[in-house]
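Worksheet: one structure, shown below.
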Amino acid sequence: MIKPSLKWPIVVVLALVLSTFAGCSVMRLGYNQADYLTYWWLDGFVDFNDAQKPRTREALTQWFAWHRRAHLPEYANLLAHAQNLVVEDITAEHTCGLWTEVRGYMDEAFERATPATVEIASTLTPQQIQNIEQRYAKSNKEFQDENLRGDASQRLKKSIKRTVERAEFFYGDLDHTQQELITRLVTLSPYDVNIWNTERQRRQQDFLQVLRQLSGNGLNQGKAQAALRAYVERIHRSPNDDYRKYTERLSRYNCAFVASLHSTATAAQRKHAAKKFKGWESDIRALLSPVRAAGLIR
């Protein structure tokens, strides 16, 4: 599951919404309430004042209305295509290519949110930025408890267990050989929780610095938006050269991991995966029905 990290302070894009709700079979309900749920989550970080509350709610409502019109049809088509792909063998390159396509949607979603994000961020008080910093400290403690507690062998066992559970959610029951494959691939993975923890804390401090810049220096809209875009680019491409090399290596490994596991999937398991995609596609198309009825998309 993707966890919120306040990378984009006014909107949680579809990747988060899908990962939060799809596995719980309440995607439709979740998406229909996404503007409210996103506001509730953001307010837990910021504690909006009376002037900020209506503007933030309005910005979220407008963004999700745009997203429903502009992106949900594309996601539905992507899921329909995936139903055909999942019954075939896939390569590591193809797996990474799918992420590139989704990244394009995420970039578009961020760009749509940028003006309202800057407008609201410029009104944040020093106390509200301190609220965010305190919430980060709490998040870091939770991350440490969940991911850094115990010795390396204990953490490895937990990681293998989580990976098997996620694979079985997608494919159904795995046989012993497939579970052994996951054990070997997770054990050999270059993923290092300490490297990721250092980077996530760098991003937190970077974001706090950007918020102070937006709220305290009276930047015009153009310069403020440029500052926010530069921050997001530093998420995609860390200023830490060693971290960039690490993520490139990890990305290649993970794409090969997915392709290797998929190559062992039986026809029944691939059918199970296709059914998952079909269910998500159906949920999204149901979300689109009121929009089509209103003539907003064709």
Side-chain angles (χ1 to χ4, degrees), residues 1-3 15-16 18-27 75-103 143 145-197 199 243 245-284:
M1 180 176 289
I2 300 172
K3 295 186 177 181
L16 173 60
L18 282 174
S19 65
T20 301
F21 298 114
C24 304
S25 300
V26 291
M27 185 194 296
Y75 275 97
N77 293 336
L78 186 63
L79 288 166
H81 181 52
Q83 292 166 53
N84 296 321
L85 292 179
V86 79
V87 298
E88 304 171 355
D89 287 335
I90 57 175
T91 64
E93 292 75 18
H94 195 181
T95 303
C96 282
L98 291 174
W99 164 245
T100 300
E101 186 173 354
V102 173
R103 161 77 189 274
F143 184 91
D145 290 343
E146 183 176 345
N147 297 280
L148 297 173
R149 178 174 292 178
D151 60 26
S153 63
Q154 291 174 322
R155 295 199 297 270
L156 177 61
K157 287 179 182 178
K158 288 174 63 177
S159 181
I160 292 169
K161 183 175 183 290
R162 284 195 302 266
T163 305
V164 169
E165 289 172 348
R166 290 167 184 166
E168 289 191 327
F169 170 78
F170 191 64
Y171 289 112
D173 292 340
L174 302 180
D175 63 28
H176 180 69
T177 301
Q178 290 170 322
Q179 293 191 35
E180 282 189 335
L181 175 63
I182 288 177
T183 298
R184 179 170 62 84
L185 292 176
V186 171
T187 301
L188 294 174
S189 172
Y191 174 70
D192 187 321
V193 67
N194 292 296
I195 293 177
W196 164 233
N197 192 36
E199 173 65 13
Y243 182 78
K245 293 176 181 177
Y246 160 76
T247 55
E248 289 169 2
R249 184 170 69 255
L250 180 62
S251 177
R252 289 194 298 270
Y253 187 89
N254 285 342
C255 291
F257 186 145
V258 171
S260 296
L261 179 60
H262 185 72
S263 70
T264 72
T266 65
Q269 288 172 329
R270 295 182 185 197
K271 184 177 180 180
H272 187 280
K275 187 176 179 181
K276 288 287 184 183
F277 283 130
K278 178 61 177 176
W280 295 337
E281 181 202 356
S282 297
D283 281 342
I284 289 178

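All values derive from a computational prediction rather than experimental measurement.
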Any Thr187 side-chain heavy atom under 4.5 Å of Thr183 side chain: yes
If the condition is salt bridge (charged side-chain N to carboxylate O under 4.0 Å, His left out), which residues does Lys271 pass it with, not counting sequence neighbours? none
By side chain to side chain contact (heavy atoms under 4.5 Å, CB included), Leu78 pairs with (sequence neighbours left out) Glu101, Val102
Are any of the side-chain heavy atoms of Leu79 and Ile284 separated by less than 4.5 Å? yes
Check whether any side-chain heavy atom of Leu185 lies under 4.5 Å from a side-chain heavy atom of Thr163, and answer yes or no. no
Side-chain contact, heavy-atom cut-off 4.5 Å: Gln178 with Gln269? yes
Given side chains that start at C-beta, do those of Ser159 and Val193 come closer than 4.5 Å, heavy atoms only? no
Between Ser260 and Leu181, what is the shortest heavy-atom contact and its length? O-CD2, 4.0 Å
Asp89: side chain to side chain contact (heavy atoms under 4.5 Å, CB included) partners, not counting sequence neighbours: Arg270
Would you compute the distance between atom CZ of Phe143 and atom CG of Leu148 and round it to the nearest 0.5 angstrom? 5.5 Å
Under the salt bridge (charged side-chain N to carboxylate O under 4.0 Å, His left out) rule, collect the residues that match up with Lys275, sequence neighbours excluded. none
Just so I know, are the side chains of Arg162 and Arg166 near enough to count as touching, which here means a heavy-atom distance under 4.5 Å? yes
Apply side chain to side chain contact (heavy atoms under 4.5 Å, CB included) to Ala256 and list each qualifying residue two or more places apart in sequence or on a separate chain. Ala92
Going by the rule side chain to side chain contact (heavy atoms under 4.5 Å, CB included), which residues pair with Lys278 if we only count those two or more places apart in sequence or in a different chain? Gln83, Glu281, Ser282
Smallest heavy-atom separation, Ile182 atom then Ile160 atom, equals CG2-O, 4.4 Å
Pairs meeting criterion salt bridge (Lys or Arg N to Asp or Glu O under 4.0 Å) with involvement of residues 90-99, two or more places apart: none
Residues passing the ring-ring contact (aromatic ring centres under 6.0 Å, His included) test with Tyr171, sequence neighbours excluded, are His262
Go through the steps for Phe170 and Val86 under the test side chain to side chain contact (heavy atoms under 4.5 Å, CB included), then give the verdict. CA-CA 11 Å; Phe170 191 64; Val86 79; 4.1 Å; yes
Under 3.5 Å: donor-acceptor pair, side chain of Lys161, backbone of Leu156: no
Atom OG1 in Thr266, atom NE2 in His272: separation rounded to 0.5 Å? 10.5 Å
Could you please spell out the steps behind the side chain to side chain contact (heavy atoms under 4.5 Å, CB included) verdict for His81 and Leu85? CA-CA 7 Å; His81 181 52; Leu85 292 179; 3.6 Å; yes
Main-chain N/O of Asp173 paired to Glu168 side chain as donor or acceptor, under 3.5 Å: no
is_close_aromatic(Phe257, Tyr191), centroid dist under 6.0 Å: no
By salt bridge (charged side-chain N to carboxylate O under 4.0 Å, His left out) - contacts of Glu180 (at least two apart): none
With a distance cut-off below 6.0 Å to the six-membered ring centre and an angular limit of 45° from the axis, does Lys276 pair with Phe169 as a cation-pi contact? yes
Quick test of your reading: applying salt bridge (Lys or Arg N to Asp or Glu O under 4.0 Å), list the pairs with at least one residue in residues 184-194, sequence neighbours left out, ordered by first then second residue. none
Quick one: which residue pairs count as a side chain to side chain donor-acceptor pair (under 3.5 Å) with a foot in residues 246-258, not counting sequence neighbours? none
In chain order, what residues pass the side chain to side chain donor-acceptor pair (under 3.5 Å) check against Ser153, with sequence neighbours excluded? Asp151
